[in-house]
Amino acid sequence: LGNGMNLLIKYRKYFLLTALTILVLQLSAYNTVNYNAKNGIASNAVYKIYIDKTHRIWLATNNGISCLTGNGIVNYGNNEGLTCSGIRNFTETSDGRFWISSNGNGIYEFKNKQFYNYRFRYSDNNNVCGQLREYKGWLFITSEEGLDGLNLKTNKFFRFLIPNQK
């Protein structure tokens, strides 16, 4: 082994101690907070994190939605019109509307501190898989039955069907 490697092996305890000290000093410069059900969020099971245009942090949980603001934590559920607890995803459209997808109850629009539900009229299965994307005036939604679109001007759904391929 080379001379440098012999020195490293000989002084490895000091090297590791120095490296660990530097790491601890770097990490101590950051403050971390663990949010959980004990200190205010709706559930420990968080499926999605979304930061909106006003820098609020939204958490999709299996027990509703938690929103972290500069003033604390706000939880949303039945009292605010959120009748489905299994939340999957969030998105904001270019017109400033805020949308939430759910597991079993379609999608919700959040406005004026209330949730307004939109369900697929042509199906009993309103299980949104999660994705919400805006494109040219449409909000596209992935569901267990395929691709759906919500016209953002008329608030009417359209199902995109693909003919059976053989």
Side-chain angles (χ1 to χ4, degrees), residues 23-162:
L23 179 64
V24 168
L25 289 173
Q26 286 180 339
L27 291 177
S28 65
Y30 298 99
N31 293 325
T32 59
V33 176
N34 180 21
Y35 291 103
N36 56 44
K38 289 181 182 177
N39 64 12
I41 67 172
S43 170
N44 288 339
V46 176
Y47 300 116
K48 182 75 175 181
I49 300 170
Y50 184 84
I51 301 173
D52 70 15
K53 293 174 185 172
T54 62
H55 307 289
R56 294 177 294 188
I57 300 171
W58 296 84
L59 306 175
T61 78
N62 65 348
N63 195 29
I65 294 174
S66 295
C67 182
L68 286 68
T69 68
N71 299 323
I73 300 170
V74 178
N75 292 314
Y76 296 103
N78 279 331
N79 292 339
E80 296 78 27
L82 189 64
T83 57
C84 181
S85 58
I87 304 303
R88 293 291 183 230
N89 207 343
F90 306 98
T91 197
E92 290 174 275
T93 51
S94 59
D95 59 2
R97 296 163 75 181
F98 190 69
W99 297 92
I100 297 100
S101 65
S102 73
N103 182 19
N105 207 21
I107 61 173
Y108 291 89
E109 181 181 7
F110 181 70
K111 63 181 175 182
N112 301 322
K113 298 183 182 181
Q114 288 289 313
F115 292 90
Y116 299 90
N117 185 238
Y118 294 79
R119 293 177 56 85
F120 308 130
R121 68 179 186 279
Y122 41 77
S123 174
D124 289 334
N125 181 355
N126 276 267
N127 194 13
V128 177
C129 296
Q131 295 300 314
L132 300 169
R133 295 287 187 262
E134 178 190 15
Y135 184 72
K136 293 189 178 183
W138 287 85
L139 182 64
F140 291 99
I141 305 138
T142 58
S143 72
E144 287 184 348
E145 295 184 5
L147 179 65
D148 296 281
L150 177 70
N151 184 305
L152 294 171
K153 290 183 181 170
T154 64
N155 287 338
K156 302 236 188 254
F157 280 104
F158 181 81
R159 170 145 296 160
F160 294 91
L161 298 174
I162 299 173

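Just so it is clear, the model here is predicted, and its values are computed rather than measured. Note that the numbering runs from 1 along the sequence shown for the chain.
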Peer 1: What is the minimum heavy-atom distance between F157 and R119, and which atoms define it?
Peer 2: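 So the two residues come closest at CE1-O, 3.3 Å.
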
Peer 1: Atom CD1 in I65, atom OH in Y76: separation rounded to 0.5 Å?
Peer 2: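 Reported value, rounded in 0.5 Å steps: 9.0 Å.
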
Peer 1: For side chain to side chain contact (heavy atoms under 4.5 Å, CB included), just list the numbers for W138 and N151, CA-CA rounded to whole Å, side-chain angles, deciding distance to a tenth of an Å, and then say yes or no.
Peer 2: CA-CA 5 Å; W138 287 85; N151 184 305; 3.7 Å; yes

Peer 1: For residues E92 and Y50, report the shortest heavy-atom separation together with the two atoms involved.
Peer 2: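 That closest heavy-atom pairing would be OE1-OH, 3.1 Å.
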
Peer 1: Using distance alone, with no hydrogens and no angle criterion, decide if N71 and T69 have a side-chain donor and acceptor under 3.5 Å apart.
Peer 2: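 No donor-acceptor contact under 3.5 Å links the two side chains.
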
Peer 1: Cation over ring, K111 on Y116, under 6.0 Å and within 45°?
Peer 2: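 Yes, K111 lies over the aromatic ring of Y116.
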
Peer 1: Calculate, to the nearest 0.5 Å, the distance between atoms OH and CD belonging to Y108 and Q114 respectively.
Peer 2: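 Reported to 0.5 Å precision, the distance equals 12.0 Å.
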
Peer 1: Could you check W99, F110, Y47 and say which one makes a ring-ring contact (aromatic ring centres under 6.0 Å, His included) with W58?
Peer 2: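 The residue from W99, F110, Y47 that satisfies ring-ring contact (aromatic ring centres under 6.0 Å, His included) with W58 turns out to be F110.
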
Peer 1: Please name the pair of heavy atoms, one in K48 and one in N89, separated by the smallest distance, quoted to 0.1 Å.
Peer 2: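 Answer, listing the atom of K48 first, then N89: CE-OD1, 3.1 Å.
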
Peer 1: Grab the two heavy atoms, one from N105 and one from C84, that are nearest each other, plus how far apart they are.
Peer 2: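 Heavy atoms of N105 and C84 come nearest at CB-CB, 3.5 Å.
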
Peer 1: Given side chain to side chain contact (heavy atoms under 4.5 Å, CB included), test L59 with I49 step by step and report yes or no.
Peer 2: CA-CA 5 Å; L59 306 175; I49 300 170; 3.7 Å; yes

Peer 1: Is N75 reaching over with its side chain to a backbone N or O of A42, donor-acceptor style, under 3.5 angstrom?
Peer 2: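 Checking the backbone N and O of A42 against the side chain of N75, a donor-acceptor pair under 3.5 Å is found.
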
Peer 1: In Å, rounded to the nearest 0.5 Å, how long is the span from CG of N103 to CD1 of I87?
Peer 2: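 CD1 of I87 is found 9.0 Å from CG of N103.
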
Peer 1: Can you list the residues that meet the side-chain contact (heavy atoms from CB on, under 4.5 Å) rule with R133, with sequence neighbours excluded?
Peer 2: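 In terms of side-chain contact (heavy atoms from CB on, under 4.5 Å), with neighbours along the sequence ignored, R133 is linked to Q131.
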
Peer 1: Evaluate V46 against Y35 for side chain to side chain contact (heavy atoms under 4.5 Å, CB included), listing each step before the verdict.
Peer 2: CA-CA 10 Å; V46 176; Y35 291 103; over 6 Å; no

Peer 1: Surrounding NZ of K38 (heavy atoms of other residues, nucleotides or ligands, distance under 6.0 Å), is the total greater than 12?
Peer 2: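 No, the 6.0 Å shell around NZ holds no more than 12 heavy atoms from other groups.
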
Peer 1: Indicate the atoms forming the closest heavy-atom contact of N44 with N36, along with that distance.
Peer 2: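 Scanning both residues completely, I find the closest heavy atoms to be OD1-CB, 3.0 Å.
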
Peer 1: Say you draw a straight line from CG of L152 to OG1 of T93; how long is it, rounded to the nearest 0.5 Å?
Peer 2: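 That separation rounds to 5.5 Å.
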
Peer 1: Rounded to the nearest 0.5 Å, how far does CG of L150 lie from CZ of R97?
Peer 2: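 Here the interatomic distance stands at 7.0 Å.
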
Peer 1: Please report the closest heavy-atom contact between S101 and L132, naming both atoms and the distance.
Peer 2: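 The answer is N-CD1, 3.7 Å.
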
Peer 1: Under 3.5 Å, is there a donor on one side chain and an acceptor on the other for S43 and N62?
Peer 2: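 Short answer, yes.
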
Peer 1: If we ignore angles and hydrogens, is there a donor and acceptor under 3.5 Å between the side chains of E134 and T91?
Peer 2: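 T91 and E134 do not have a side-chain donor-acceptor pair below 3.5 Å.
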
Peer 1: According to salt bridge (Lys or Arg N to Asp or Glu O under 4.0 Å), does anything in residues 54-63 pair up with another residue at least two apart or in another chain? List the pairs.
Peer 2: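 Sorted result for residues 54-63: D52-R56.
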
Peer 1: Which distance, rounded to the nearest 0.5 Å, do you find between the CD1 of I57 and the CD1 of I41?
Peer 2: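 Rounded to the nearest 0.5 Å, the CD1-CD1 separation comes to 11.5 Å.
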
Peer 1: Give me the ring orientation class for F140 and Y135: parallel if the planes are under 30° apart, tilted from 30 to 60°, perpendicular past 60°.
Peer 2: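 Tilted.
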
Peer 1: Tell me yes or no: between the side chains of N117 and T83, is some donor less than 3.5 Å from an acceptor?
Peer 2: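 The answer is no; no qualifying pair exists.
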
